[in-house]
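To keep things clear, I will list the structure first and then write my remarks on it.
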Amino acid sequence: MLLGWFHPPVPVKTIEGDVRHDISHVQAAREQLLQWTQRGPKWYLAAYACLDAIDAQGSPHEVRKAFIEAAKEEGMLLPDL
């Protein structure tokens, strides 16, 4: 798998709730996290996982797992199609 990519993508909604994004890259997960207004404990774990992966200290798979948990915590996770 290419550097930074993970599969399957994680479906999340935008802050406005009107657009679906299928996140499949570490950088996209990071950018999505920065847009969320609520930042609970799982948000911080996901943010740190993104930074670790960007610094080659973590894996995209770890980012995906943490991002899913953060999206659940923030109410941003959408069901798979």
Side-chain angles (χ1 to χ4, degrees):
M1 183 156 293
L2 296 174
L3 188 61
W5 293 94
F6 50 81
H7 187 79
V10 179
V12 295
K13 62 183 175 180
T14 60
I15 293 295
E16 298 82 20
D18 59 350
V19 177
R20 174 190 181 97
H21 289 284
D22 290 323
I23 305 299
S24 59
H25 192 271
V26 170
Q27 188 65 29
R30 179 187 161 279
E31 290 170 7
Q32 205 48 228
L33 286 168
L34 291 175
Q35 293 180 23
W36 296 352
T37 56
Q38 298 179 359
R39 296 182 177 181
K42 293 179 181 177
W43 183 94
Y44 284 96
L45 291 174
Y48 286 121
C50 288
L51 292 175
D52 285 347
I54 290 167
D55 289 339
Q57 301 298 314
S59 73
H61 176 72
E62 292 166 342
V63 170
R64 183 181 183 279
K65 287 182 6 185
F67 185 68
I68 288 171
E69 293 304 313
K72 285 180 188 175
E73 178 182 68
E74 303 301 329
M76 304 302 278
L77 187 66
L78 294 174
D80 291 330
L81 292 178

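Nothing fancy with the numbering, it's 1 onward along the sequence.
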Within one Ile-Leu-Val-Met-Phe-Trp-Tyr cluster: L78 and F6, side-chain cutoff 4.5 Å: no
Listed partners of D52 passing salt bridge (Lys or Arg N to Asp or Glu O under 4.0 Å), at least two apart: none
K72: partners by salt bridge (Lys or Arg N to Asp or Glu O under 4.0 Å), with sequence neighbours left out: E69
Give the minimum heavy-atom separation between [X] and [Y], together with the two atoms involved.
X: V63; Y: A53; result: CG2-CB, 3.7 Å
X: P9; Y: D22; result: CB-CB, 3.8 Å
X: P11; Y: L77; result: O-CD1, 3.4 Å
X: I54; Y: Q27; result: CD1-OE1, 3.6 Å
X: A70; Y: L33; result: CB-CD2, 4.2 Å

If you round to the nearest 0.5 Å, how far is [atom2] of [Y] from [atom1] of [X]?
X: I15; Y: E74; atom1: CD1; atom2: CD; value: 8.5 Å
X: L45; Y: C50; atom1: CG; atom2: SG; value: 11.0 Å
X: Q32; Y: T14; atom1: CD; atom2: OG1; value: 7.5 Å
X: R39; Y: T37; atom1: CZ; atom2: OG1; value: 8.0 Å
X: M76; Y: F67; atom1: CE; atom2: CZ; value: 8.5 Å

Any donor-acceptor N/O pair, R64 side chain to P8 backbone, under 3.5 Å: yes
Short side-chain to backbone donor-acceptor contact, E73 and W43, under 3.5 Å: yes
Geometric class of the W5/H25 ring pair [parallel <30°, tilted 30-60°, perpendicular >60°]: perpendicular
